[in-house]
Amino acid sequence: MDISLTNSATRKKERFTPLDPGNVRMYVCGPTVYDRAHLGNARPVVVFDVLYRLLRHVYGPEHVTYVRNFTDVDDKINARAAESGRAIGEITAETTQWFLDDMGALGALEPSIRNGADHERAMPRATQYIAQMVAMIEALIDKGHAYAAEGHVLFAVDSWTDGYGRLSGRSVDDMIAGARVEVAPYKRNPMDFVLWKPSSVDLPGWESPWGRGRPGWHIECSAMAEALLGKTFDIHGGGNDLMFPHHENEIAQSCCANGTEKMAQVWLHNEMLQVEGKKMSKSLGNFFTVRDLLDQGVPGEVIRFVMLSTHYRKPMDWTEKKAKEARGHLAAWDRLKRHGLSQELSALQLAELVDENVIDALCDDLNTSGAINRLFEMAAAAKTSELDSRQLRSFFATLEFLGFKNLDVERLQRRSAIETAHEKAVLKAHQHSLIEARAEAMQSKDFSEVDRLKAALTAAGVEVRMSKTDVELVEGPDFDPSKLEDLA
RNA sequence: GGCGGGUUGGCGGAGAGGUUACGCAGCGGAUUGCAAAUCCGUGUAGACCGGUUCGAUUCCGGUACCCGCCUCCA
């Protein structure tokens with residue numbers, strides 16, 4: 001069961017061989033916490049969640065470490081605090097929890113250290129690693145890769161011309177030619193980037209050998225990755241817009257400070273997300289967050305399905321139509337589950353029931369759309385099998401493995417759980433009267449009473465499904481129980 | 001200007017050098033008191049120009065068009 005992945009560093013699909021199969025280590029760049037995650041932010045989370053699940057399946061959950069940071073020191077956060085008058089810590093804590101809630105709704109597992117636990121440590125906050133950043137910057141200065149100037153510390157790209165630009169396929173000369181970088185007078189080379197910058201009293205800052213200041217962007221990932229995963233680890237992931245400069249700079253910092261050849265063995269980058277064929281942007285008015293969709297009644301599973309239906313290295317287009325189709329598929333599978341499984345699968349069963357063809361698809365450079373196609377095949381076979389058949393159990397185990405646990409896509413539109421329970425009892429009563437009425441009507445051939453009940457139920461937003469032997473009542477999105485009160 | 005990705009049937013979207021992708025929609029049928037759900041069947045492809053080959057949508061080269069990044073927006 002070999003995994004192959006397209007390594008951005010070599011631009012080739014390569015067989016994945018962990019440095020230490022006993023501890024496969026992956027780092028994914030997490031959010032800067034100043035606002036709700038938008039849909040584009042969700043893509044790498046979902047993509048790398050699938051990879052995490054695959055690695056756990058192949059190497060064992062206790063042999064995989066997945067780290068994803070929260071960057072909670074950044075000028076965007078400072079700006080947000082300044083304009084809102086709120087405390088920075090309040091903003092970052094709130095936004096961090098939003099992120100966890102929203103990504104959890106998408107079925108994403110929380111990162112963890114090896115044993116599937118220790119989520120807190122696997123989601124490090126930049127502000128908890130300032131000391132490690134300072135130490136790394138000092139090492140860079142000692143080795144001649146960085147210099148202090150006017151309260152700043154800068155990385156000297158000319159000190160590492162062999163390595164700098166290798167990931168993104170640019171040379172320092174090329175970049176200078178079309179440079180749009182800030183040309184600060186204290187920079188030796190215009191491409192030099194900030195490792196540390198001075199903070200005025202009104203900005204967050206930490207004491208350092210270069211005075212009170214704060215870290216530049218990039219250094220937090222280098223420091224946290226080293227602290228939690230070591231100087232060289234297996235996989236580093238993120239959106240492809242991070243390839244330059246963020247990842248390029250991370251590599252420069254880590255390799256030069258640690259004296260290593262590589263920061264990560266494999267670099268993975270997902271393509272960007274579009275909305276209805278266009279880049280998502282505030283100016284086009286097609287910008288929305290994951291929470292916006294959830295609030296509109298689009299469940300996380302639908303978002304996840306749409307995300308996984310496009311390969312991670314291709315642009316992914318979010319469209320209403322795709323969301324609608326995804327909802328339809330999940331709803332059909334939910335019906336299949338209610339009729340096909342008499343009980344939930346145990347955790348023990350889950351791992352062994354995961355379909356090998358789905359695993360094979362994922363092993364082939366994370367071919368998630370191939371995996372979904374396999375799901376359709378499995379569903380077709382499962383449909384015609386007996387109650388609790390292996391096909392059915394395997395199908396739903398595989399769905400759960402892929403992060404689709406709750407297939408009830410209409411649930412967001414319904415009332416709270418307590419109300420739902422009450423509604424179920426009400427519906428049960430109506431279901432019985434409908435069954436009786438129909439039985440009578442079958443004899444008398446007078447269906448007026450059946451039609452009356454059915455019409456009333458439909459008007460109240462209940463879907464009435466009649467089969468030869470049974471009557472099923474399902475609350476639809478517009479279900480309003482009050483409309484059933486005067487129904488006899 | 002530099003770097004990278006893409007172009008498949010009405011739509012979405014894969015794999016494979018030669019055999020049905022699949023899904024949605026459409027159409028036909030079965031089932032059904034009606035309606036759902038479900039089942040069966042079915043048409044439509046591979047941007048353009050060359051090359052390699054017995055044979056390419058699949059490999060190689062070129063052209064056109066589209067898109068992203070290089071602007072701390074993932």
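Since we're looking at a predicted model, the values are computed, not measured. So that the names make sense, note that chain A is the first sequence line, chain B the second, and so on, each numbered from 1.
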Please report, rounded to the nearest Å, how far the [atom2] atom of [N] is from the [atom1] atom of [X].
X: A/Met280; N: B/C73; atom1: CE; atom2: P; answer: 13 Å
X: A/Lys197; N: B/C72; atom1: NZ; atom2: P; answer: 11 Å
X: A/His269; N: B/C3; atom1: NE2; atom2: P; answer: 18 Å
X: A/Tyr164; N: B/C70; atom1: OH; atom2: C1'; answer: 11 Å
X: A/Asp355; N: B/C22; atom1: CG; atom2: C1'; answer: 15 Å
X: A/Asp241; N: B/C70; atom1: CG; atom2: P; answer: 7 Å
X: A/Met307; N: B/A74; atom1: CE; atom2: C1'; answer: 11 Å
X: A/Asn270; N: B/G68; atom1: CG; atom2: P; answer: 16 Å

Look at all strands and tell whether [X] reaches a base, only sugar-phosphate, or nothing, counting heavy atoms closer than 4.0 Å.
X: A/Gly40; value: base
X: A/Ser309; value: sugar-phosphate
X: A/Glu377; value: nothing
X: A/Phe287; value: nothing
X: A/Arg11; value: sugar-phosphate
X: A/His246; value: nothing
X: A/Lys314; value: sugar-phosphate
X: A/Ile372; value: nothing
X: A/Arg465; value: base

Gap in Å between the two [atom1] atoms, one belonging to [N] and one to [M], rounded:
N: B/U38; M: B/A74; atom1: C1'; value: 42 Å
N: B/C72; M: B/G1; atom1: C1'; value: 22 Å
N: B/U58; M: B/A14; atom1: C1'; value: 12 Å
N: B/U31; M: B/A47; atom1: C1'; value: 45 Å
N: B/G41; M: B/G62; atom1: P; value: 45 Å
N: B/G6; M: B/C60; atom1: P; value: 12 Å
N: B/G13; M: B/C24; atom1: C1'; value: 11 Å
N: B/G17; M: B/G12; atom1: C1'; value: 26 Å

Carboxylate-amine/guanidinium contact [X] [Y], below 4.0 Å:
X: A/Glu449; Y: A/Arg438; result: no
X: A/Asp355; Y: A/Arg374; result: yes
X: A/Arg80; Y: A/Asp35; result: yes
X: A/Asp75; Y: A/Lys197; result: yes
X: A/Asp101; Y: A/Arg291; result: no
X: A/Asp2; Y: A/Arg15; result: yes
X: A/Glu325; Y: A/Lys322; result: no

Whether the side chain of A/Asn373 and the base of B/A21 hold a donor-acceptor pair under 3.5 Å is what I'd like checked.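 Such a pair is found, so the answer is yes.
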Taking atom types as they are modelled, would you say the side chain of A/His38 forms a donor-acceptor pair with the base of B/A74 within the 3.5 Å cutoff?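 Present.
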Counting only heavy atoms and a strict 4.0 angstrom limit, can you tell me which residues of residues 356-365 of chain A come near RNA chain B?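 When residues 356-365 of chain A is checked for heavy atoms under 4.0 Å from RNA chain B, there are no hits whatsoever.
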Pairing partner (Watson-Crick or G-U wobble, both distances under 3.5 angstrom) of [N]:
N: B/G68; value: B/C3
N: B/C34; value: none
N: B/G15; value: none
N: B/G50; value: B/C60
N: B/U42; value: B/G26

With a 6.0 Å cut-off (strictly less than), is the heavy-atom count around CD of A/Glu83, excluding the residue itself, greater than 12?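 Yes.
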Using heavy-atom distances to pick each residue's nearest nucleotide on RNA chain B, tell me which of A/Pro315 and A/Thr310 is more 5'.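 So the residue in question is A/Pro315.
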Start at the 5' end of RNA chain B and walk down; is the nucleotide closest to A/Asp317 or to A/Pro44 reached first?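 Of the two residues, A/Asp317 wins.
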Residue [X], side-chain heavy atoms: nucleotide from [options] that is nearest:
X: A/Lys322; options: B/U38, B/G12, B/G4; result: B/G12
X: A/Leu273; options: B/A74, B/G12, B/G68; result: B/A74
X: A/His329; options: B/A14, B/C72, B/C24; result: B/C24
X: A/Asp75; options: B/A74, B/A14, B/C72; result: B/C72
X: A/Glu271; options: B/C39, B/C72, B/G5; result: B/G5
X: A/Gln274; options: B/G68, B/U38, B/A14; result: B/G68

Would you please indicate if the ring centroids of A/His152 and A/Trp196 are separated by under 6.0 Å?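 Ring-ring flag for A/His152/A/Trp196: false, centres at least 6.0 Å apart.
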Might you point out which heavy atoms bring A/Val409 and A/Val302 nearest each other, and give the distance in Å?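 Closest approach of A/Val409 to A/Val302, heavy atoms only: CG1-CG2, 3.9 Å.
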List the protein contact pattern of nucleotides 25-34 of chain B with one symbol per nucleotide (5' to 3'): B for base contact, S for sugar-phosphate-only contact, - for none; contact means a heavy-atom distance under 4.0 Å. -------SBB
Test salt bridge (charged side-chain N to carboxylate O under 4.0 Å, His left out) applied to A/Asp158 and A/Arg188, step by step: CA-CA 9 Å; A/Asp158 290 328; A/Arg188 292 182 188 168; over 6 Å; no
Under 30°, 30 to 60°, or over 60°: which ring-plane class applies to A/Phe287 and A/His38, parallel, tilted or perpendicular?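 Aromatic pair A/Phe287/A/His38 classed perpendicular.
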Evaluate the salt bridge (charged side-chain N to carboxylate O under 4.0 Å, His left out) criterion for residues A/Arg327 and A/Glu410: first the C-alpha distance (whole Å), next the side-chain angles of each, then the deciding distance (0.1 Å), finally the verdict. CA-CA 9 Å; A/Arg327 182 185 284 268; A/Glu410 305 300 339; 3.3 Å; yes
For B/U38, does either OP1 or OP2 sit under 4.0 Å from a side-chain N or O belonging to A/Arg335?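 Yes.
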Could you list all the ring-ring contact (aromatic ring centres under 6.0 Å, His included) pairs where at least one residue sits in residues 368-387 of chain A, not counting sequence neighbours?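 For residues 368-387 of chain A: A/His329-A/Phe376, A/Trp333-A/Phe376.
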